[in-house]
Amino acid sequence: METALERHEHHALTTNQKWTIASTSAGFALENMEVMFLSFALSSIAANLHLHGAEAGLISSITNLGMLAGGVLFGIIGDRYGRVKTFSYTIFIFAAATAAMYWAQNITMIYLFRFLAGVGAGGEYGVGITLIAENFDRHHIGTMTSIAAIGGQVGSILAAIAAAMIIPTLGWRALFLLGVIPVALTYFIRKHVHESDEFIAIQQQTTVEKKGQVRQLFKSWPLAFQTVALMFMVVVQIAGYFGLMNWLPTIMQKKLGLSVAGSSLWMIATIVGMSIGMMTFGRILDYFGPRRAFGIFLIASALSVFGITLVFNEITMLFAGAVLGFFSNGMFGGYGAIISRLYPTEIRSTANNVIVNVGRAIGGFSSVVIGFLMDRYTLVVVMGFLALLYVLSFIVMLTIPNLKNFEQNTID
């Protein structure tokens, strides 16, 4: 019998598969670039518009709420009316809303545009992941979703470069004008990416009323448990990511007395580690299944967060950051892979968008929690908190019945 490794080695991509992975990777890169624009421009926005700390902080929260709303809305639309058109709509919305920030004159307009940008960005993830899942062999989904997730890390790097070049000379408004770039991507998606045979068959066999129903994620106790358990795992994933990217540069500056440039070098090492981790995780998931893949990475994440407490110079800092990034964010693409396999075609994009964006909305508050802990406790306690989250996620993962026999168990 052909092994998973042999299937990988003999697999040649079709033209539609190449366009699918290229389009989704580019879409995720542009989405993450757009999201990171706010991080780099927030202090300039607050100074320019004379915002209070709470007003400025609320911008990110409103963006996350938009992501949740967009995730639910476009997940349903994607299941009912098609992945390709919906994917292009979501890109157009977050691109237009981002560019509109150039004309924002007050905090109300910023809230509105960021909410709309969140709607588009939140809707894009699940539809894009579903496109991948339905256009590739099931034994390659882990690798392909990881490739798409790496696109998001590329977007972070591009955002950092663009912000460094544009904000000091042209101001924060000009940075957001780059949001028009993704509009061009929608043309190529519509022209070259096509719906899968699987989706077309389901469209013909299933009535509209049965497609994209959020309640189908909770229609039985086992399915409701699975949905909530996956939500918890994504909450931990997002919480770890925001804690890693938002607070650890500050921790490194304080612990080692580094400059901003030094902590930026740590960020680059961490992002490189994340990207390598994503590719490694995808391969492990495809070869050995999700329980082994998530088990290895969750336990390693719990252990590696303590590596941050042991750094004593820049070399150990870069190594610890790369290792932590490798394990803690290497898993991100895997959630879309397993959700796409555990839920039937008629609710697949809904499942991806709802589960992941609930995780984003809740996990995004980790920055507040970690900031609270840092004000009151030692670094060891803060890292212990993150380690505990990863251990709890590992335990929850083991309780999901359909991950035990992943090849056979897809809930219909």
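If you read the sequence from its start, that first residue is 1, and numbering goes on from there.
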Exercise. When rounded to the nearest 0.5 angstrom, what is the spacing between CD1 in Ile347 and CG in Leu217?
Worked result: 5.0 Å
For this session: Using the test ring pair (Phe, Tyr, Trp, His ring centres under 6.0 Å), find all partners of Phe225 that sit at least two apart in sequence or belong to another chain.
Result: Trp221
Using residues 165-181 as the side-chain source, report each donor-acceptor pair under 3.5 Å to any protein atom, sequence neighbours left out, with the distance given to one decimal.
residue: Thr169; atom: OG1; partner: Met165; partner atom: O; Å: 3.0
residue: Thr169; atom: OG1; partner: Ile166; partner atom: O; Å: 3.3
residue: Trp172; atom: NE1; partner: Asn48; partner atom: OD1; Å: 3.4
residue: Arg173; atom: NH1; partner: Tyr102; partner atom: O; Å: 3.2
residue: Arg173; atom: NH1; partner: Ala104; partner atom: O; Å: 2.4
residue: Arg173; atom: NH2; partner: Ala104; partner atom: O; Å: 3.1

Under 3.5 Å, sequence neighbours excluded: what are the donor-acceptor pairs made by side chains of residues 299-306?
residue: Ser301; atom: OG; partner: Phe297; partner atom: O; Å: 2.7
residue: Ser301; atom: OG; partner: Phe327; partner atom: O; Å: 3.2
residue: Ser301; atom: OG; partner: Ser328; partner atom: N; Å: 3.3
residue: Ser304; atom: OG; partner: Ala300; partner atom: O; Å: 3.0
residue: Ser304; atom: OG; partner: Ser301; partner atom: O; Å: 3.3

Seminar exercise, completed: With sequence neighbours left out, the residues meeting salt bridge (charged side-chain N to carboxylate O under 4.0 Å, His left out) with Glu198 are Arg348
Problem set entry | Partners passing side-chain contact (heavy atoms from CB on, under 4.5 Å) against Arg291 (at least two apart in sequence or in another chain) | Met397, Leu398, Leu403, Lys404
For this session: Indicate whether any N or O donor in one side chain lies under 3.5 Å from an N or O acceptor in the other, for Ser196 and Asn135.
Result: no
Below 3.5 Å, can you tabulate the donor-acceptor pairs from side chains in residues 273-280 to any protein atom, sequence neighbours excluded?
residue: Ser275; atom: OG; partner: Ile271; partner atom: O; Å: 3.1
residue: Thr280; atom: OG1; partner: Ile276; partner atom: O; Å: 2.9

Seminar exercise, completed: Contacts of Tyr390 meeting ring pair (Phe, Tyr, Trp, His ring centres under 6.0 Å) (sequence neighbours excluded), chain-then-number -> none
Exercise. Just by distance, with hydrogens left out, do Tyr343 and Thr227 show a side-chain donor and acceptor under 3.5 Å apart?
Worked result: yes
For this session: Could you please spell out the steps behind the ring-ring contact (aromatic ring centres under 6.0 Å, His included) verdict for Phe281 and Phe294?
Result: CA-CA 8 Å; Phe281 180 88; Phe294 278 102; 4.9 Å; yes
Seminar exercise, completed: Between the CD1 atom in Ile91 and the CD1 atom in Ile189, the distance rounded to the nearest 0.5 Å is 3.5 Å
For this session: With rounding to the nearest 0.5 Å, note down the distance linking CD1 in Ile150 to OG1 in Thr145.
Result: 10.0 Å
For this session: Find out whether Leu230 and Ile338 are in side-chain contact, i.e. whether some heavy atom of one side chain is under 4.5 Å from a heavy atom of the other.
Result: yes
For this session: Provide the closest heavy-atom pair for Ile132 versus Met144 in the form atom of the first, atom of the second, distance.
Result: CG2-CB, 3.6 Å
Exercise. Listed by chain and number, what are the side-chain contact (heavy atoms from CB on, under 4.5 Å) partners of Ala239, not counting sequence neighbours?
Worked result: Ser366, Leu389
Exercise. What salt bridge (charged side-chain N to carboxylate O under 4.0 Å, His left out) pairs are there with at least one residue in residues 351-364, not counting sequence neighbours?
Worked result: Glu31-Arg360
Exercise. For residues 83-95, which residue pairs qualify under salt bridge (charged side-chain N to carboxylate O under 4.0 Å, His left out), counting only residues two or more places apart or in two chains?
Worked result: Asp79-Arg83, Arg83-Glu134
Problem set entry | For Phe332, all residues meeting ring pair (Phe, Tyr, Trp, His ring centres under 6.0 Å), sequence neighbours excluded | Tyr125
Seminar exercise, completed: Output for pair (Phe326 CZ, Met331 CE), nearest 0.5 Å, gives 11.0 Å
Problem set entry | Pairwise salt bridge (charged side-chain N to carboxylate O under 4.0 Å, His left out) hits with a residue in residues 112-133, at least two apart | Glu34-Arg114
For this session: For Ser340 and Ala337, indicate whether the former's side chain and the latter's backbone hold a donor-acceptor pair under 3.5 Å.
Result: no
